[in-house]
Amino acid sequence: MKQYKGEISTLPPDKSIAHRAALIASLAEGTTEIMNFSGGFDNQSTLDVLRASGIGVVQENVAVSDGTVKRKVVIESQGLWSLKKAGRSLMCNNSGSTMRMFSGILAAQPFESTLVGDSSLMKRPMRRIADPLRQMGATIELSPENTAPVVIKGTRDLHPFTYELPVPSAQVKSLVAFAALHADGETRIIESLPSRNHTELMLGLDVEELPDRKRSIVVPGRRPIAARPFLVPGDPSSACFIIALGLMNPGSEIMLRDVCLNPTRTGYLDLLQKAGADIRTENTRETGGETIGDILAAYSPSMNPLSISEPATVANVIDEIPMLAVLSACMTEGFSLHNAAELRTKESDRISAVVSNLERLGFNCGEYADGFTVSGKRSAPKGRVPVESYHDHRIAMSFAIADRALSADIDISDAGIIGVSFPNFFEIIESLEA
Ligand code: S3P
């Protein structure tokens, strides 16, 4: 078995923050410089739809003081109503964030737009975006299954309203906020379970605490947005895979530099620490409203199985669940997840994707509508084990990490999908091989 040792300063920039930085830049007055933007397909899809809508976007590589090269994106806009009608359908590829969050902006434009995606995105639920935008006065058409194509007949006359989120979704919260920036008055978005709060932080929105641990996000309408620079920290959801590599392989110790440590994203670090993992955060500091810092992860042979069921925890670790499940299964032959039906609506049905792949690797799983369990002794298969990515970057990466920790010969279909969020995934792993 290999050891993985070293220090990484080239994690992909945070995908959620980068999408938002580009979208906010398209609404700002002036020139926005976004430092450390991702070359991953998802973030590039957001730049593509902005360009197709007449927004000036330039990318260049810049050498920075730590010796690494970062991607800088410069976006020019004249404020809230700068978008032009695209001459074709807007292709969002695999990126649900692009399709959903950009819909909020398009709903406020006085023209018709159509958003489409790849085979995975065309199956994902879109009623959650249509409902609030219809309430604000836009006309939204979906397929009979309430999926894309999303046809938006936008209006300059969106109404402000109070919207209680029916699902804990940061994408829906953000698209309502982006639409509300154009509305004629103040909108309130109420969430009962906290989801990632980058949009609130980046737009400087007021957040009021309500009874029953609910929160109300206040979005002022038609207030000009001044262009300002953004610096994107490392993606904690990408870090999770490299952390798992460190925790699972004897003798490993990995330091990840400049990772976003926003508490709405780092629930997985707490879960792992409580289960006995050797993880530390260091050098924690504030940059541009976000907490960032370094993460040190070392081989952790005596971990306990992970068990995830509290709805607030599920919402916090939603993108990390595939890796957490695979890690817990490989290290302890145990895992349990409940209250996570939302996982079935991601880039793949991540409950059945993880279960079917773990079963191929000889684990005993039980699958439920809202989660799954792993228990009992694994019976390791002989020879090559074909594992399906289901065209889902996080499924492919979770099992690529399992491949290095189990002495199994795992063959992952369609591993190129990893480029959606982590184009240098295999390069980083190789650089850590001691
Ligand atoms: C995201 C929110 C989450 C997450 C996705 C990114 C975001 O989706 O799964 O990868 O950047 O707002 P939901 O809003 O559907 O929960």
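Sequence positions, counted from 1, serve as the residue numbers for this chain. Just so you know, ligand 1 is whichever comes first in the structure, and atom 1 is the first atom listed for that ligand.
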- request: Over all heavy atoms of both residues, which pair between S95 and S45 is shortest? Give the atoms and the distance, please.
  value: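 Residues S95 and S45, closest heavy atoms: CB-CB, 4.3 Å.
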- prompt: Do any pairs count as a salt bridge (charged side-chain N to carboxylate O under 4.0 Å, His left out) and have a residue in residues 32-46, sequence neighbours left out, and if so which ones?
  reply: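 Of all non-adjacent pairs touching residues 32-46, those that pass salt bridge (charged side-chain N to carboxylate O under 4.0 Å, His left out) are K15-D42, E33-K72.
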- request: Please collect all salt bridge (charged side-chain N to carboxylate O under 4.0 Å, His left out) contacts where either partner lies in residues 410-429, sequence neighbours excluded, each pair once.
  value: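 Passing the test, one end in residues 410-429: R384-D411.
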query: Mind checking whether A170 has an N or O less than 3.5 Å away from an N or O of ligand 1?
result: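 So ligand 1 has an N or O lying under 3.5 Å from an N or O of A170.
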- prompt: ligand 1 and Q171, any nitrogen or oxygen pair closer than 3.5 angstrom?
  reply: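 Between Q171 and ligand 1 (N or O atoms, distance only) the closest approach is under 3.5 Å.
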What protein heavy atom lies closest to [atom]? Include the residue and the distance to one decimal.
atom                    : value
atom 10 (O) of ligand 1 : D319 OD2, 2.8 Å
atom 3 (C) of ligand 1  : K346 NZ, 3.8 Å
atom 14 (O) of ligand 1 : S169 OG, 2.6 Å

- prompt: Do NZ/NE/NH1/NH2 and the carboxylate oxygens of E141 and K153 come within less than 4.0 Å?
  reply: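 Yes, this pair counts.
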query: Does the pair K173/E200 count as a salt bridge with the N-to-O cut at 4.0 Å?
result: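 Judged by the 4.0 Å cut-off on N to carboxylate O distance, K173 and E200 do form a salt bridge.
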Side-chain donor/acceptor of N316 to backbone N/O of G267, under 3.5 Å: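 Present.
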message: Under 4.0 Å, heavy-atom basis, I'd like to know which part of R196 is in contact with ligand 1: side chain, backbone, both or neither.
response: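 The part of R196 near ligand 1 is the side chain, not the backbone.
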message: Can you check which of R100, R350, R20, H198 brings a heavy atom nearest to atom 7 (C) of ligand 1?
response: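 Looking at heavy atoms only, the winner is R20.
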